[in-house]
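By convention in this document, chain letters (A, B, ...) are assigned in the order of the sequence lines, proteins followed by strands, and residues within each chain are numbered from 1.
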2 protein chains.
Amino acid sequence: MQSSDPIPSAAPTHDPAETRSRLLDAAEQLFAEHGFNGVSMRTITGTAGVNLAAAHYHFQGKEGLYRAVFERRVVPMNEERARLLQACLDEEARTGQLDPSAVLDAFIGPAIRISAAPGADNFRRLSGRASADPSPEARRTIYELYDTVAARFVDILARACPHLAQEDLFWRLACIYGAMMYVRADSGRLQQLLGSEYSMADSSAAMHHIIPVLAAGLAVPSLAKSRGKGKRRSSRGS
Amino acid sequence: MQSSDPIPSAAPTHDPAETRSRLLDAAEQLFAEHGFNGVSMRTITGTAGVNLAAAHYHFQGKEGLYRAVFERRVVPMNEERARLLQACLDEEARTGQLDPSAVLDAFIGPAIRISAAPGADNFRRLSGRASADPSPEARRTIYELYDTVAARFVDILARACPHLAQEDLFWRLACIYGAMMYVRADSGRLQQLLGSEYSMADSSAAMHHIIPVLAAGLAVPSLAKSRGKGKRRSSRGS
DNA sequence: GTCTATACCACGATAGAC
DNA sequence: GTCTATCGTGGTATAGAC
């Protein structure tokens, strides 16, 4: 090649990809340990060995960095969720049956097994806490990343549980989401209370124990006080 | 009165009790909305109409104020929990039976119904988030307030579920705590996903739906891979 | 396009006047 | 018991070097 270099990343002062990933790794760890508002950009950039303003250049500030930390992990996780949910639907097309346990597995599994990805253990705790932790604005930002697949999950789960009214579904999902987030957040509270050494980082144990318990909760008959009707889908008139 | 005033609280510049409660109310609301690190002492004192340094005088800083917000609500809540748990034990002494549902009710009920107390609705969300939200140090501080009664609950629940190994108990408690905290934290996520208007602030609906679901989860037989033994207390070999 | 140096205002905390 | 002044540090923004 001659003087005018058509390859933009041929010889940058520093490697941008390296700078970005160093920032993401440091931010992931520190956000997980101290929460969004509990860490300073100066601490993150110091840990990453990157200049403060360079972080602003790449991520447009703290919120942008926070969001980028999530995007890196959530995008592949969503793909796995979508794939497993589709497998449930395929199974339904074949057998005419939709197993609530399989649907739970397709949604919770990727969220729990994420700690198996290299370096993602910090993200597991971070994402568990993020569902409640930050300010409403920050939560919305994160929720957006999950929205499409989460809505799909809720829809399929509702189909798998035709005995449940919308009201039932709401509260059972509270138990499902609550358990999933509590395990991901891994506060250490139960180890402390039980004086035991079981670890929530053990994703296969988590799945083995939690899915059947949540499935048993889903199997409980409707508890909706069906005054008038109050049942689910279709003509949900007032 | 002449120059030296022997009565300390006769005519203070402002009423200390008023100052304290105004600060607690403002802090409770703002901490619930934005988290510990998401609010400034200046915002809290500004909302309360109290001077910044006066807040430091009364609560020794931000952490002290945070802890005081919890103490005000948790102490009476613990008393109710202890009372209801004792009722479970009395019932057991009479009938020889310990109902897991009743034990769940005794522990979760006071935590959910707390939003019925005047002004405590903010605290419900705050306490739900606090289980994961703040830094580890701040979490320890809060956990201490719950410790005694929580340990008692775990113990009684274990007795009510003799079919469960310690390992089972660990994961079922994760579901129980997860659901309880998720309902208290009330992130608005499920309303958004379901497009429905059910409110987690409705404590009687929450109890009506959640207790039977969690109880069904407790009723699931042991899932512990009892290799060797792994079972719980005494010598209930596999 | 990538990064460094630096300046800005708000924060939590404290000392000392009233 | 309450307030003012002040200090070190936080997130953010910009100017300009490479």
Open item on the list: Side-chain N or O of A:Tyr57 versus OP1/OP2 of C:dT2: is the shortest distance under 4.0 Å?
Closed with: yes
Open item on the list: From CG of B:Leu65 over to C1' of C:dC11, roughly how many Å is that when rounded to an integer?
Closed with: 15 Å
Task: For atom CD of A:Gln60 and atom P of D:dA13, their distance in whole Å - done: 10 Å
Open item on the list: Side chain of B:Arg42, heavy atoms from C-beta onward: which of C:dG12, D:dT4, C:dT4 has the nearest atom to it?
Closed with: C:dG12
Open item on the list: On the nucleotide C:dT2, are OP1 or OP2 found under 4.0 Å from the side-chain N or O atoms that A:Thr19 carries?
Closed with: no
- [ ] Answer yes or no: does a side-chain N or O of B:His56 lie under 4.0 Å from OP1 or OP2 of C:dA13?
- [x] yes
Task: Main-chain N/O of B:Ala82 paired with B:Arg152 side-chain donor or acceptor, under 3.5 Å - done: no
Task: Whether B:Tyr198 and A:Phe170 hold their rings parallel, tilted or perpendicular, with breakpoints at 30° and 60° - done: tilted
Task: B:Ile44 CD1 - C:dG12 P separation (whole Å) - done: 7 Å
- [ ] For A:Met41 and for A:Ala53, locate the closest nucleotide of DNA chain D by heavy-atom distance; then report the residue assigned to the nucleotide nearer the 5' terminus.
- [x] A:Met41
Open item on the list: Whole angstroms only, please: what is the NZ-P distance between A:Lys62 and C:dA10?
Closed with: 18 Å
Open item on the list: Nearest whole Å is fine: how far is C:dC11 P from B:His34 NE2?
Closed with: 12 Å
Open item on the list: In this structure, how many angstroms lie between the P atom of C:dG12 and the CG atom of B:Leu30, rounded?
Closed with: 11 Å
Open item on the list: Counting only side-chain heavy atoms from C-beta out, which of C:dA13, C:dT2, D:dT12 sits nearest to B:Leu52?
Closed with: C:dA13
Open item on the list: By nearest atom, which of the nucleotides D:dC3, C:dT4, C:dC11 is closest to the B:Thr43 side chain?
Closed with: C:dC11
- [ ] If the plane angle is over 60° it's perpendicular, under 30° parallel, otherwise tilted; pick one for B:Phe107 and B:Phe153.
- [x] parallel
Task: For atom CG of B:Asn51 and atom P of C:dT14, their distance in whole Å - done: 15 Å
Task: Value in whole Å for how far the P atom of C:dA13 lies from CD of B:Glu63 - done: 8 Å
Task: CZ-CZ distance between B:Arg189 and A:Arg139, expressed to the nearest 0.5 angstrom - done: 11.0 Å
Open item on the list: What I'd like to find out is whether the side chain of A:Leu84 reaches to under 4.5 Å of the side chain of A:Asp105, using heavy atoms alone.
Closed with: no
Task: Of the listed nucleotides D:dG10, C:dG12, D:dG1, the one nearest the side chain of B:Ser40 - done: C:dG12
